[in-house]
Amino acid sequence: MMDLGFLIPALQSIIIASTPLVFTALGEVVTERAGVLNLGVEGMMIMGAVVGFACVIAGFSPFTAFVFAALAGLGMALLFGIMTLLLYANAVATGLALTLFGLGLSALVGSQFVGLSAGAFPKVSIPVLSDLPVVGPLLFGHDALVYVSLALVVALIWFFKHTRAGLIVRAVGDDHDAAHAIGYNVIAIRMGAVLFGGAMAGLGGAYLSVVQTPLFIENMTAGRGWIALALVVFASWRPGRVLLGAYLFGGISIIQLHVQGFGIAIPSQILSMLPYLATIVVLTVISARAAQQGAPRSLGKTFKVTR
Amino acid sequence: MIVLEPWETRRAWLDWASPLIAIALTLVGGGLMFWVLGQSPLEALRIFFIQPLTSVYGVSELLLKATPLILIGIGLSLGFRAGVWNIGAEGQLVMGGVTAGAVALALYEVESIWVIPAMMLAGIAGGMLWGAIPALLKTRFNTNEILSSLMLTYVAGLFLSLMVHGPLKDPDGYNFPESRLFHDAALMPTLFEQGRAHIGFVMALIIAPVAAFLLSRHVLGFQLRVQGVAPNAARFAGFSSKRLVWLSFLLGGALAGLAGMMEVSGSVGQLVPIISPGYGFTAIIVAFLGRLNPLGVVPAGLLMALSYMGGEAAQIELGLPNAVTGVFQGMLLFFLLSTAVISDYRIRWRARV
């Protein structure tokens with residue numbers, strides 16, 4: 001029998017590496033399905049990371065830390081929503097502003113956390129099940145957030161397919177004028193979607209700093225927010241495919257570490273380039289196919305209330 | 001309820017007033033930040049914004065830092081006008097720095113006034129090459145240029161690291177990830193006795209009006225502007241949007257590459273793992289602060305350079321983290337974008353119907 005001893009920790013680390021992307025990209029799927037392109041994901045994520053980490057250091061429970069991290073992301077998203085939905089500011093530029101501001105502010109707040117660690121994050125332990133060989137550590141031995149992220153995927157699939165609210169969000173994203181004419185409050189619905197996206201990015205960021213590393217380092221998101229944006233395109237705006245895409249990217253970033261472990265003589269920098277290059281390649285392959293399948297038709301278009 | 005109505009006739013003065021209002025709001029916000037950090041707001045703002053300018057050395061450093069910001073800001077303002085979002089100028093700067101640095105090292109023994117021009121050409125070529133990738137992907141495969149150019153920035157940073165850890169490492173450098181110190185012939189001629197300000201600043205001052213002329217008087221500039229304001233009109237007029245994407249990225253890449261060359265040659269003097277404190281990203285703010293006008297980019301670049309100086313001063317004098325610079329810059333961009341609303345729209349109160 002093959003030795004699975006090394007495979008299980010590898011798969012576990014893939015799941016840990018992927019979970020921030022799952023949260024963040026799911027949030028952005030909802031935002032974009034409502035027709036808003038928020039490029040400030042990286043900034044919302046890093047704010048979640050620093051706030052979540054600060055709460056743990058301050059002695060709050062992990063649950064509280066994640067709640068505050070989500071609120072931090074939500075606060076950033078609120079800023080974005082006010083500027084783009086109410087003040088009609090350029091959405092691309094505002095997203096960039098969110099990222100630059102978030103990176104700066106998080107570095108300022110996080111400069112006091114140099115060298116501190118959040119400590120190991122508790123894993124779920126289910127009697128009997130978690131102790132099963134192979135299946136136990138793979139299915140029943142993760143931290144609670146992993147299960148939350150998976151539940152969120154299912155919830156969003158259901159939300160978009162089977163609920164009235166999901167239909168309304170999609171309507172607003174596909175044709176805001178029609179949705180407005182029927183009487184839906186486009187701005188309010190979009191604001192809700194933006195805030196949800198921000199909260200999820202905050203959770204994703206906090207997972208990175210509180211569970212995955214568990215440290216806070218300036219600029220630690222290292223482009224994950226942007227990769228999450230690419231994942232949304234990769235997933236054709238579908239929550240189920242987001243999960244697939246996120247695990248794929250998590251896999252790439254972990255393989256990169258393991259290749260080094262095997263002593264294969266490839267410079268570490270080239271391996272570190274892989275996730276970024278893979279993002280470009282995947283994005284290009286997807287975009288080359290029929291024009292942006294599944295993209296909300298009003299995505300990125302400003303809605304102005306005329307009366 | 002408050003409604004925003006487009007101006008029937010635009011008020012030109014509001015175009016210029018809105019950046020000033022944004023700067024004023026940033027000062028207020030910055031004062032607030034210093035207060036939260038336990039500093040006296042006015043004193044901290046003085047150290048941040050005024051003290052760096054009180055010495056010749058300080059002014060020289062200001063011009064040094066403003067040079068790449070202005071150069072890149074000019075390139076970006078042209079592209080942003082056309083709605084081409086080159087977010088990867090930082091990567092193009094890094095690649096320009098690597099190629100220019102490689103030329104400097106290859107010509108290590110050469111003492112000629114042609115070393116600097118050769119490095120400039122190499123830097124421009126490196127930046128253009130890196131800018132050409134997102135342009136190619138965008139025009140051939142419709143790949144989102146924001147994401148591809150940004151991803152390439154991370155790749156460029158890793159490539160620089162690879163180079164200074166490998167082929168371009170100083171053979172006598174005790175294995176430090178640095179290249180040799182460039183020969184004098186490969187260093188930018190300086191402007192003053194004190195400080196590192198170099199002739200690149202003068203070049204930036206020449207390039208800015210040229211770019212402004214291109215934008216306002218040349219047919220290509222006209223096409224860029226129409227593409228940005230009315231893409232449908234541009235299509236009906238037969239303007240090639242692909243050509244404008246290429247133009248934006250090649251110009252932006254060239255100027256960012258040139259800025260990278262000037263960083264390694266004028267500011268650092270060798271290749272090190274990190275050659276830019278995020279000038280490529282800050283230049284995005286510079287472009288907007290200059291209202292996407294190459295002439296406006298010049299004062300905008302100087303102001304943003306001051307924010308880097310201020311961050312250093314605040315670190316030394318007040319013991320604050322250098323990150324206050326980033327907060328200032330982000331805040332300024334926010335205020336710029338939200339105050340732009342007053343020049344585009346008339347804010348009116350109207351009873352709810």
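Treat the numbers as computed from the prediction; the structure is a model and nothing was measured. Every chain is numbered from 1 and lettered A, B, ... according to where its sequence line falls, protein lines coming before strand lines. In what follows, every heavy atom counts, from backbone to side chain, and hydrogens, waters and symmetry copies are set aside.
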Inset, instruction - Could you label the plane-to-plane angle of the Phe303(A) and His176(A) rings as parallel, tilted or perpendicular, counting under 30° as parallel and over 60° as perpendicular? - result: tilted

Inset, instruction - Give the member of Tyr154(B), Phe141(B), Phe159(B) that has the highest number of heavy-atom pairs under 4.5 Å with chain A. - result: Tyr154(B)

Legend entry - Best-contacting candidate, Leu150(B), Leu333(B), Leu137(B), Val341(B), against chain A by heavy atom pairs under 4.5 angstrom: Leu150(B)

Inset, instruction - Could you tell me which portion of Leu39(A) (side chain, backbone, both or neither) has an atom closer than 4.5 angstrom to a non-hydrogen atom of chain B? - result: side chain

Inset, instruction - Select one option (side chain, backbone, both, neither) describing which atoms of Ile284(B) are under 4.5 Å from chain A's heavy atoms. - result: side chain

Legend entry - Portion of Ile285(B) that has a non-hydrogen atom of chain A nearer than 4.5 angstrom: side chain

Inset, instruction - Could you check which of Gly102(A), Ala89(A), Ala230(A), Ala222(A) has the highest count of heavy-atom pairs closer than 4.5 Å to chain B? - result: Ala222(A)

Inset, instruction - Check whether Thr94(A) gets within reach of chain B through its side chain, its backbone, both or neither, counting any heavy atom under 4.5 Å. - result: both

Legend entry - Region of Phe281(B) that comes under 4.5 Å of a non-hydrogen atom in chain A: both

Legend entry - Neighbour count above 12 (heavy atom, 6.0 Å) for Ile274(B) CD1: no

Legend entry - Top contributor to chain A contacts, counting heavy-atom pairs under 4.5 Å, from Ser161(B), Gly326(B), Ala340(B), Ser148(B): Ser161(B)

Legend entry - Leu105(A), part contacting chain B, at a heavy-atom distance under 4.5 Å: both

Inset, instruction - Check the angle between the aromatic planes of Phe249(A) and Phe234(A) and answer parallel, tilted or perpendicular using the 30° and 60° thresholds. - result: perpendicular

Inset, instruction - Go through the atoms of Leu79(A) and report whether side chain, backbone, both or neither lie under 4.5 Å from a heavy atom of chain B. - result: side chain

Legend entry - Toward chain A, the part of Leu37(B) with a non-hydrogen atom under 4.5 Å: side chain

Inset, instruction - Return the option, out of Val109(A), Val285(A), Thr279(A), with the maximum number of heavy-atom pairs under 4.5 Å with chain B. - result: Thr279(A)

Legend entry - Heavy-atom pairs under 4.5 Å with chain B, option from Leu98(A), Thr84(A), Ile227(A), Leu86(A) with the top count: Leu98(A)

